[in-house]
Colleague: 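Can you keep this structure in mind? I'll have questions shortly.
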Amino acid sequence: MNIFETFSARLAAVLSGLVEAGRIPAGLSLARVVVEPTKDPAHGDLAINAAMVLAKEAGMAPRALAELIVAELAKDSDVLKAEIAGPGFINLTLQPAVFTQVLKTAVLAGTEHGRGAPKGEPKVNVEYVSANPTGPMHVGHGRGAVFGDALASLLAFAGHDVTREYYINDAGAQVDVLARSAFLRYREALGEEIGAIPEGLYPGDYLVSVGETLAREHGPALRDKAEWDWLPLVRGAAIDGMMAMIRDDLAALGVVHQVFFSERSLQGRDGNSNAVHQTIEELRVRDLVYEGRLPPPKGQKDEDWEDREQTLFRATQFGDDVDRPLLKSDGSYTYFANDIAYHRSKFTRGFSEMIDVWGADHGGYVKRMRAAVKAVTDGQGELDVKLCQLVRLLRNGEQVRMSKRSGDFVTLREVIDEVGRDAVRFMMIFRKNDATLDFDLAKVVEQSKDNPVFYVQYAHARCASIFRQAAEVFPDLDLSPQTLAQADLGLLTDESEIGIVKMIAAYPRMIDAAAASHEPHRVAFFVHELASAFHSLWNKGKDSPQLRFVNQTDRKSTSARLAFVHAVRSVLASGLAVVGVTAPEEMR
RNA sequence: GGGCCCGUAGCUCAGCUGGAUAGAGCAGCAGCCUUCUAAGCUGCUGGUCACAGGUUCGAAUCCUGUCGGGCUCGCCA
């Protein structure tokens, strides 16, 4: 139940009634009209901007228009007070019963409170992580992984049909380098002295086990073959090994994908099954691909610029700054060409809404990809690219780097092992994706208010603890949501309690807004705020024993408060589930 | 030089797609607490929302320009 939607609908009805009565002109555009929570409780519960937004179009003064609307809204039995304020705001104060009803609904819905109605079409594809299969995941990958996962969960909770996808970059030159690196480890496993890993190969010792597996399965059979002979086999084995490792890392984070899509699979075995070739030819037929020359980059002096004719995609027709090459000088496809075919595949698989989660260093790639999606879907597909900024890893404020195991970066696994999955997930999402993130390894394991992970989980544990306490004090009390929902919720009259009930009422709206803007961090901030309000109320019970949730001498108020606590707990659990963090029963 | 992102309190950051007097936490200051689960609670101090214009009834939010920081710039991925 979303009271904001409910009242938007009622407002729309009021407006059309006024139109029918000839009091205001027909055909007003309602797009900018919103019903939103007030910031200041003195302004009531709901704020409506309709009079100000519509005044000009209606040819009326805002306040005159507001008076017409207020007169109608005041007749609503759920409205206690409707008044005009400031430049023409309509502020509604609702009957307390409205909120007790919302609370009751939330108690019964439990963790389903806030879930959006199924949206059906369009199906949404969220592509995230997509780390190259050339080594373990590092911390930066982890941010994209958590962000994408939380965004997908958020969209699913909001009612969308979501598919989580991983794009395996297994077709570029880097996987050949990987294969050569693995081959060296294979020779090493056969007992050969390989010395230092040459420059340009992957030095990480995570390839040792790939080499050992190859030695075990093939013995010395590969050693004396020519590279063109062993490379495909070794490459396949190495990619499989790397993907297994990456899946392990993802599993440690609790991140799942439904689809692992191989870049190499786009290239097929012959010309006919080659999706990249097909895509480009299709674009060529529509005159979106041509042979031409690019101007050199502006302002840069570059002696090694070589003017050359190449195969180009008309990205400029779709909003990009320059046309983009599809073939390398050696005749093979650019990464971009493969990516066009890949996004076309998403579209033909039924996803007209696509979201890609990338690292910030790919920012310069966004325009061309969006251009390509427009071209290849004939304007039917929509691509949103979410860029995740860098993560700075700190320990007690000091920046940490270097890891012997992996070469030059801290692996995600090391961080998860040190601070735990929940801390990693919550902190990665407790910031806007487009802002750099400081992650302090020391802080996130503190048991204090400074540590938001602890703070939110503790609030949930406290709710659970209250229920344990209640079961002891009132052993015969039925604590099921069905029974609690029947309690006299009108007994919840303290300002703090009402404030929290309003937050619970606002939860569905927050979910919708966060999903619409693809901003899962809002969910993390919301649960943090709710936790804060709840801790504060809990502490009020110190000075005012009558506010304690479990009151030995007052069975009725205890029932009402337990219903309330159940709703708080459910919303915390629901929000944490979206972020992918566990909601513990107790803190240990 | 072009493109994209960022600039909000001393510090770290929110700001609900343009709403009312810009909010938290930390730090600082003043009190309180030892509990239904201890790791805290309440209050105070603190801002020219980088700067200058513009659009609007209304701008931290949208547009233009300037300054500062980051990323990026035909064949890598």
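In what follows, chains carry the letters A, B, and so on, assigned in the order in which the sequence lines appear, proteins first and then strands, with residues in each chain numbered from 1.
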Colleague: Within the pair A:S465 and B:U37, is there a side-chain N or O less than 4.0 Å away from OP1 or OP2?
Modeller: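 Yes, such a contact exists.
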
Colleague: What integer distance in Å separates A:K540:NZ from B:C33:C1'?
Modeller: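 Spelled out: NZ on A:K540 to C1' on B:C33 is 16 Å.
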
Colleague: In terms of side-chain heavy atoms, does A:D422 have a donor or acceptor partner in A:T582 at a distance below 3.5 Å?
Modeller: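 The criterion, which ignores hydrogens and geometry beyond distance, is satisfied for A:T582 and A:D422.
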
Colleague: Polar-atom pairs under 3.5 Å, protein N or O versus N or O of nucleotides 58-61 of chain B: list them with distances, or write none.
Modeller:
from, atom 1, to, atom 2, distance (Å)
B:G58, O6, A:R32, NH2, 3.0

Colleague: Taking the minimum atom-to-atom distance to the side chain of A:K367, which one of B:A77, B:U37, B:G3 wins?
Modeller: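 Closest nucleotide to the A:K367 side chain: B:G3.
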
Colleague: Would A:F430 and A:F525 count as a ring-ring contact (aromatic ring centres under 6.0 Å, His included) here? Give the steps.
Modeller: CA-CA 7 Å; A:F430 200 55; A:F525 278 95; 4.4 Å; yes

Colleague: Indicate, yes or no, whether a donor-acceptor pair under 3.5 Å links the base of B:A77 to the side chain of A:D339.
Modeller: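 No, no donor-acceptor pair under 3.5 Å.
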
Colleague: How far, in whole Å, is B:A22 from B:U61 if one measures between their C1' atoms?
Modeller: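 The same atom, C1', in both gives a distance of 11 Å.
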
Colleague: Once you round it to whole Å, what is the distance between P of B:G2 and OH of A:Y365?
Modeller: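 These atoms are roughly 24 Å apart.
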
Colleague: Judged by each residue's nearest nucleotide on RNA chain B, which is more toward the 5′ side, A:Q174 or A:F89?
Modeller: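 Comparing both residues, the 5'-ward one is A:F89.
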
Colleague: Examine the side chains of A:T38 and A:D40 and answer whether a donor and an acceptor come within less than 3.5 Å of each other.
Modeller: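 Checked: A:T38/A:D40 side chains show no N/O donor-acceptor pair below 3.5 Å.
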
Colleague: Looking at every strand, decide which applies to A:V177 at a 4.0 Å heavy-atom threshold: base, sugar-phosphate, or nothing.
Modeller: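 The answer is nothing, as A:V177 stays clear of every strand by at least 4.0 Å.
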
Colleague: Would you say B:C16 has OP1 or OP2 under 4.0 Å from some side-chain N or O of A:R522?
Modeller: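 Indeed not, no polar side-chain atom of A:R522 lies that close.
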
Colleague: What is the minimum heavy-atom distance between A:D170 and A:V175, and which atoms define it?
Modeller: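 Heavy atoms of A:D170 and A:V175 come nearest at O-CG2, 3.5 Å.
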
Colleague: From C-beta outward on A:P87, which listed nucleotide comes closest to its side chain: B:C75, B:C36, B:C57?
Modeller: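 Per side-chain heavy atoms of A:P87, the pick is B:C57.
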
Colleague: Nearest to the side chain of A:Y458, heavy atoms from C-beta on, is which of B:A77, B:U12, B:U37?
Modeller: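 The listed nucleotide nearest to A:Y458's side chain is B:U37.
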
Colleague: Could you tell me how far apart A:L537 (CG) and B:U37 (C1') are, to the nearest whole angstrom?
Modeller: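 So the CG-C1' distance, A:L537 to B:U37, works out to 15 Å.
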
Colleague: Suppose you measure atom P in B:U64 against the same atom in B:C4; what distance do you get, rounded to whole Å?
Modeller: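 To the nearest whole Å, 9 Å.
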
Colleague: Over how many whole Å does the gap from A:M369 atom CE to B:A77 atom P extend?
Modeller: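 To the nearest whole Å, that distance equals 15 Å.
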
Colleague: Taking atom P in both B:G7 and B:G43, what distance in whole Å separates the two?
Modeller: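 That atom pair is separated by 29 Å.
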
Colleague: Take the angle between the ring planes of A:F313 and A:F318 and call it parallel below 30°, perpendicular above 60°, tilted in between.
Modeller: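 Aromatic pair A:F313/A:F318 classed parallel.
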
Colleague: Heavy atoms only, 4.0 Å cut-off, all strands: where does A:R431 land among base, sugar-phosphate and nothing?
Modeller: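 Sugar-phosphate, no base atom in range.
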
Colleague: What's the closest nucleotide to the A:H43 side chain, out of B:G3, B:C41, B:A20?
Modeller: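 When the side chain of A:H43 is considered, B:A20 is the closest of B:G3, B:C41, B:A20.
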
Colleague: Counting any heavy atom closer than 4.0 Å, what does A:A85 reach on the DNA or RNA strands: base, sugar-phosphate only, or nothing?
Modeller: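 Result for A:A85 = base.
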
Colleague: Can the ring centroids of A:F534 and A:F549 be said to lie less than 6.0 angstrom from one another?
Modeller: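 Ring centroids of A:F534 and A:F549 are less than 6.0 Å from each other.
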
Colleague: Roughly how far apart, to the nearest Å, are B:C73 and B:U17 at atom P?
Modeller: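 One P to the other, the span is 35 Å.
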
Colleague: Mark yes or no for whether A:R392, through its side chain, and A:L437, through its backbone, hold a donor-acceptor pair below 3.5 Å.
Modeller: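 The answer is no, because no donor-acceptor pair under 3.5 Å joins these two groups.
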
Colleague: With no hydrogens and no angle check, do the side chains of A:E291 and A:T311 hold a donor and an acceptor under 3.5 Å apart?
Modeller: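 Indeed, the side chains of A:E291 and A:T311 share at least one donor-acceptor pair under 3.5 Å.
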
Colleague: Rounding to an integer number of Å, can you tell me how far A:E472 CD sits from B:C36 C1'?
Modeller: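 To the nearest whole Å, that distance equals 10 Å.
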
Colleague: Do any side-chain nitrogens or oxygens of A:K432 fall under 4.0 Å of OP1 or OP2 in B:C13?
Modeller: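 For B:C13, neither OP1 nor OP2 has a side-chain N or O of A:K432 closer than 4.0 Å.
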
Colleague: Between B:U17, B:C6, B:G74, which nucleotide has the shortest distance from any of its atoms to the side chain of A:R509?
Modeller: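 Closest nucleotide among those given: B:U17.
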
Colleague: Report yes if a donor N or O on one partner sits less than 3.5 Å from an acceptor N or O on the other, where the partners are the side chain of A:R548 and the base of B:U35; otherwise report no.
Modeller: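 Result: no qualifying N/O pair found.
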
Colleague: Going by distance alone, is a donor N or O of one side chain under 3.5 Å from an acceptor N or O of the other, for A:D323 and A:Y290?
Modeller: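 There is such a pair (donor and acceptor under 3.5 Å, judged by atom type) between the side chains of A:D323 and A:Y290.
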
Colleague: Report the nucleotide, chosen from B:C36, B:C5, B:G19, that has the shortest atom-to-atom distance to any side-chain atom of A:E36.
Modeller: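 Per side-chain heavy atoms of A:E36, the pick is B:G19.
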
Colleague: Please state the C1' separation for the pair B:U35 and B:A39 - nearest whole angstrom.
Modeller: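 Approximately 13 Å lies between the C1' atom of B:U35 and that of B:A39.
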
Colleague: Taking any heavy-atom pair under 4.0 Å as a contact, classify A:Q552: base, sugar-phosphate, or nothing.
Modeller: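 It contacts nothing in the nucleic acid.
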
Colleague: In sequence, state the C-alpha distance, the side-chain angles, and the governing distance for A:Q389 and A:N433, and then conclude on side-chain hydrogen bond (donor to acceptor under 3.5 Å, both in side chains).
Modeller: CA-CA 6 Å; A:Q389 275 289 351; A:N433 58 289; over 6 Å; no

Colleague: Here's a test of your reading of the structure: between A:H521 and A:D40, which maps to the more 5' nucleotide of RNA chain B?
Modeller: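 Nearest nucleotide further toward 5': that of A:H521.
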
Colleague: Counting side-chain heavy atoms from C-beta on, which of B:C75, B:A77, B:C6 comes nearest to A:D434?
Modeller: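 Comparing B:C75, B:A77, B:C6 against the side chain of A:D434, the answer is B:C6.
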
Colleague: Hey, does A:V550 reach any base, or is it just sugar-phosphate, or nothing, if we go heavy atoms under 4.0 Å?
Modeller: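 Touches a base.
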
Colleague: Looking at A:H535 versus A:Y458, is the centre-to-centre ring distance below 6.0 Å?
Modeller: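 When the ring centroids of A:H535 and A:Y458 are compared, they turn out to be within the sub-6.0 Å range.
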
Colleague: Could you give the distance separating B:U8 and B:G23 at their C1' atoms, to the nearest angstrom?
Modeller: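 The same atom, C1', in both gives a distance of 10 Å.
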
Colleague: Touch check for A:D512, heavy atoms < 4.0 angstrom, all strands: base, sugar-phosphate only, or nothing?
Modeller: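 Answer is nothing: A:D512 stays at 4.0 Å or more from every strand.
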
Colleague: Measure the distance from CD on A:Q469 to C1' on B:U37 and round it to the nearest whole Å.
Modeller: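 About 9 Å, once rounded to whole Å.
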
Colleague: So if I take every side-chain heavy atom of A:N539 and compare against B:C36, B:G40, B:G15, which nucleotide ends up nearest?
Modeller: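 Nearest to the side-chain atoms of A:N539, counting from C-beta on, is B:G40.
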
Colleague: Just the rounded figure in Å: distance from P of B:C4 to CZ of A:R370.
Modeller: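 Rounded to the whole Å, the gap is 12 Å.
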
Colleague: When you measure from the side chain of A:F454, which nucleotide among B:A77, B:C36, B:A39 comes out closest?
Modeller: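 Of B:A77, B:C36, B:A39, B:A39 is nearest to the side chain of A:F454.
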
Colleague: Using Watson-Crick or G-U wobble pairs with both distances under 3.5 Å, give me RNA chain B in dot-bracket, 5' to 3', with [ ] for crossers and | for pairs to another strand.
Modeller: (((((((..((((.....[...)))).(((((.......))))).....(((((..]....))))))))))))....

Colleague: Working to the nearest 0.5 angstrom, can you tell me the gap between A:H521 NE2 and A:I429 CD1?
Modeller: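 Output value for this atom pair is 9.0 Å.
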
Colleague: Within the structure shown, what part of the strands sits under 4.0 Å from A:T436 by heavy-atom distance: base, sugar-phosphate, or nothing?
Modeller: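 Sugar-phosphate, backbone atoms only, no base.
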
Colleague: Would you say the side chain of A:L477 lies within less than 4.5 Å of the side chain of A:L562, judging by non-hydrogen atoms?
Modeller: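 Side chain of A:L562 against side chain of A:L477, heavy atoms only: contact under 4.5 Å found.
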
Colleague: Does the side-chain ring of A:W538 sit on the six-membered ring of the B:C36 base, less than 5.5 Å centre to centre and under 30° in tilt?
Modeller: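 Yes; by the centre-distance and plane-angle rule, A:W538 counts as stacking on B:C36.
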
Colleague: Between B:U56, B:G74, B:A39, which one does the side chain of A:R462 approach most closely?
Modeller: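 The listed nucleotide nearest to A:R462's side chain is B:A39.
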
Colleague: Can you name the closest pair of heavy atoms from A:G142 and A:M428 and give their distance?
Modeller: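 Heavy atoms only, the tightest pair is C-CE, 4.3 Å.
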
Colleague: Work out how far the C1' atom of B:U12 is from that of B:U34, and round it to whole angstrom.
Modeller: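 That atom pair is separated by 30 Å.
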
Colleague: Just N and O in the side chain of A:S536: are any of them under 4.0 Å from OP1 or OP2 of B:U42?
Modeller: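 Checking A:S536 against B:U42: at least one side-chain N or O falls below 4.0 Å of OP1 or OP2.
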
Colleague: Atom CD of A:E519 and atom C1' of B:G15: how far apart are they, to the nearest Å?
Modeller: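 Computing the A:E519:CD to B:G15:C1' distance gives 11 Å.
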
Colleague: Which whole number of Å gives the distance between the C1' atom of B:C57 and that of B:C41?
Modeller: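 One C1' to the other, the span is 43 Å.
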
Colleague: With a 4.0 Å cut-off on heavy atoms, is A:Y455 in touch with a base, just the backbone sugar-phosphate, or nothing at all?
Modeller: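 Answer is sugar-phosphate: A:Y455 comes under 4.0 Å of backbone atoms only.
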
